[in-house]
Amino acid sequence: MHFTSEQRLDDGVLEREFTLGEIPGTLWTPGSAAPAPLTLMAHNNGLPKAQPRLVARARQSAAYGYAVATIDAAGCGDRPRSAADKQARADLRRAMQAGEPVDEIFESFIGPLVEKAVPEWQTALDALLALPEIGGPVGYSGWMALGIRLAVVEPRIAAAGFFAGGYVPSAQREEARQVTIPLLLLLQWDDEGNPRQRALDLFDAFGTKEKTLHANMGGHTGTPWFEVEDGNRFFGRHLK
């Protein structure tokens, strides 16, 4: 892991950009000297790690006492995308503009995106846990399709907060039954791109005995800010 820049923010949080081979990432750590538990934070469906909503959540969580890390995995952010991925995204834009069904198109590129992203997140996790300022345990927050797979294959993740605002491929819907860690699911009740019943069915499918659903009125980007604070308290019960 090679740190390429750092800055101390007004709230005492240290923000550092890093590279890990071809993987670019950002790490936020609290001002305290003690090793901090780690939260991996991912935005939905391959959007960049610099997305403002993700950065705001990460800074808030770091100020709360967590180390927070995010990366641009393969096909995410500014990382190169395959020709098939580019074609699928073009087909998706066309279908959405025409009001046509889009699930099959989502399946064609979200599934492979998850498959490529998981090993890189695990590589980043290995490097992050080797840092003296990070003590574990590990939580996950954000993109649900990726989080489901990580929760199934990565035993170091102790709790997860998922956003039910992105498409979840059929493989990850089946894997939901294998998720047994504590879970918090955030649902926007009027999310125009995510059918409410599908999200409720997925919540019901999760195999964990400790799962909580927070549903708020509003569309895709309307998640109330207080959910960030509630998420920090959720992780506080399981990571500290």
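Atom set for the values below is all heavy atoms of this structure, side chains included, hydrogens, waters and symmetry mates excluded.
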Closest heavy-atom pair and its distance - [X], [Y]:
| X | Y | value |
| --- | --- | --- |
| S108 | A88 | OG-CB, 3.7 Å |
| I134 | L128 | CD1-O, 3.5 Å |
| P169 | A145 | CD-CB, 3.7 Å |
| A63 | V13 | N-CG2, 3.6 Å |
| A124 | L20 | CA-CD2, 3.6 Å |
| G231 | L184 | CA-CD2, 4.1 Å |

Q: From the options V168, L113, I110, V118, select the one residue that forms a side chain to side chain contact (heavy atoms under 4.5 Å, CB included) with L146.
A: V118
Is a side-chain N or O of [X] found less than 3.5 angstrom from the main chain of [Y], in a donor-acceptor match?
| X | Y | result |
| --- | --- | --- |
| T180 | T208 | no |
| Q188 | G219 | yes |
| R177 | A205 | no |
| N194 | A164 | yes |
| K211 | D204 | yes |
| Y66 | G236 | yes |

Q: Tell me, yes or no, whether the heavy-atom count around E22 atom CD, taken from other residues, nucleotides or ligands under 6.0 Å, exceeds 12.
A: no
Q) Is atom CD of E104 surrounded by more than 12 heavy atoms (other residues, nucleotides or ligands) closer than 6.0 Å? A) no
(Q) I'd like to know whether R149 forms a salt bridge (Lys or Arg N to Asp or Glu O under 4.0 Å) with E154, so could you lay out the CA-CA distance, the side-chain angles of the two residues, the decisive distance to 0.1 Å, and finally the verdict. (A) CA-CA 8 Å; R149 171 58 60 84; E154 183 47 73; over 6 Å; no
Interatomic distance, [X] atom [atom1] to [Y] atom [atom2] [nearest 0.5 angstrom]:
| X | Y | atom1 | atom2 | answer |
| --- | --- | --- | --- | --- |
| L27 | L131 | CG | CG | 6.5 Å |
| F206 | M144 | CZ | CE | 5.5 Å |
| M1 | I23 | CE | CD1 | 9.0 Å |

Decide, yes or no, whether a salt bridge links [X] with [Y] under the criterion of side-chain N to carboxylate O below 4.0 Å.
| X | Y | value |
| --- | --- | --- |
| R94 | E100 | yes |
| K86 | D91 | no |
| E133 | R16 | yes |

Q: Determine, step by step, whether E120 and R79 satisfy the salt bridge (Lys or Arg N to Asp or Glu O under 4.0 Å) criterion, reporting the C-alpha distance in whole Å, the side-chain angles of both residues, the deciding distance to 0.1 Å, and the verdict.
A: CA-CA 12 Å; E120 294 200 352; R79 297 281 299 279; 2.9 Å; yes
Q | Whether F3 and F18 hold their rings parallel, tilted or perpendicular, with breakpoints at 30° and 60° | A | perpendicular
Q.
Please determine whether side-chain contact (heavy atoms from CB on, under 4.5 Å) holds for the pair F162 and S141, giving the CA-CA distance in whole Å, both sets of side-chain angles, and the decisive distance to 0.1 Å.
A. CA-CA 6 Å; F162 294 154; S141 175; over 6 Å; no
Q. Can you list the steps and then say if V152 with V179 is a side-chain contact (heavy atoms from CB on, under 4.5 Å)?
A. CA-CA 6 Å; V152 170; V179 175; 4.0 Å; yes
Q. Honestly curious: do Y167 and V102 fall in one hydrophobic cluster under the side-chain, below-4.5 Å linking rule?
A. yes
Q | Test log, rule salt bridge (Lys or Arg N to Asp or Glu O under 4.0 Å), inputs R57 and E227 | A | CA-CA 10 Å; R57 285 170 32 226; E227 289 291 3; over 6 Å; no
Q: Show your reasoning for whether side chain to side chain donor-acceptor pair (under 3.5 Å) applies to E175 and Q172.
A: CA-CA 5 Å; E175 286 179 324; Q172 276 66 66; 3.1 Å; yes
Q) Does a side chain donor of either T26 or E17 reach within less than 3.5 Å of an acceptor in the other side chain? A) yes
Q: Start with the C-alpha distance between S170 and E107, add both sets of side-chain angles, then the distance that settles side chain to side chain donor-acceptor pair (under 3.5 Å), and finish with yes or no.
A: CA-CA 8 Å; S170 56; E107 192 81 26; 2.8 Å; yes
Q.
So W28 and T70, do their side chains get closer than 4.5 Å, heavy atoms only?
A. yes
Q | Step-by-step salt bridge (Lys or Arg N to Asp or Glu O under 4.0 Å) determination, D201 to R173 | A | CA-CA 9 Å; D201 291 343; R173 284 180 237 162; over 6 Å; no
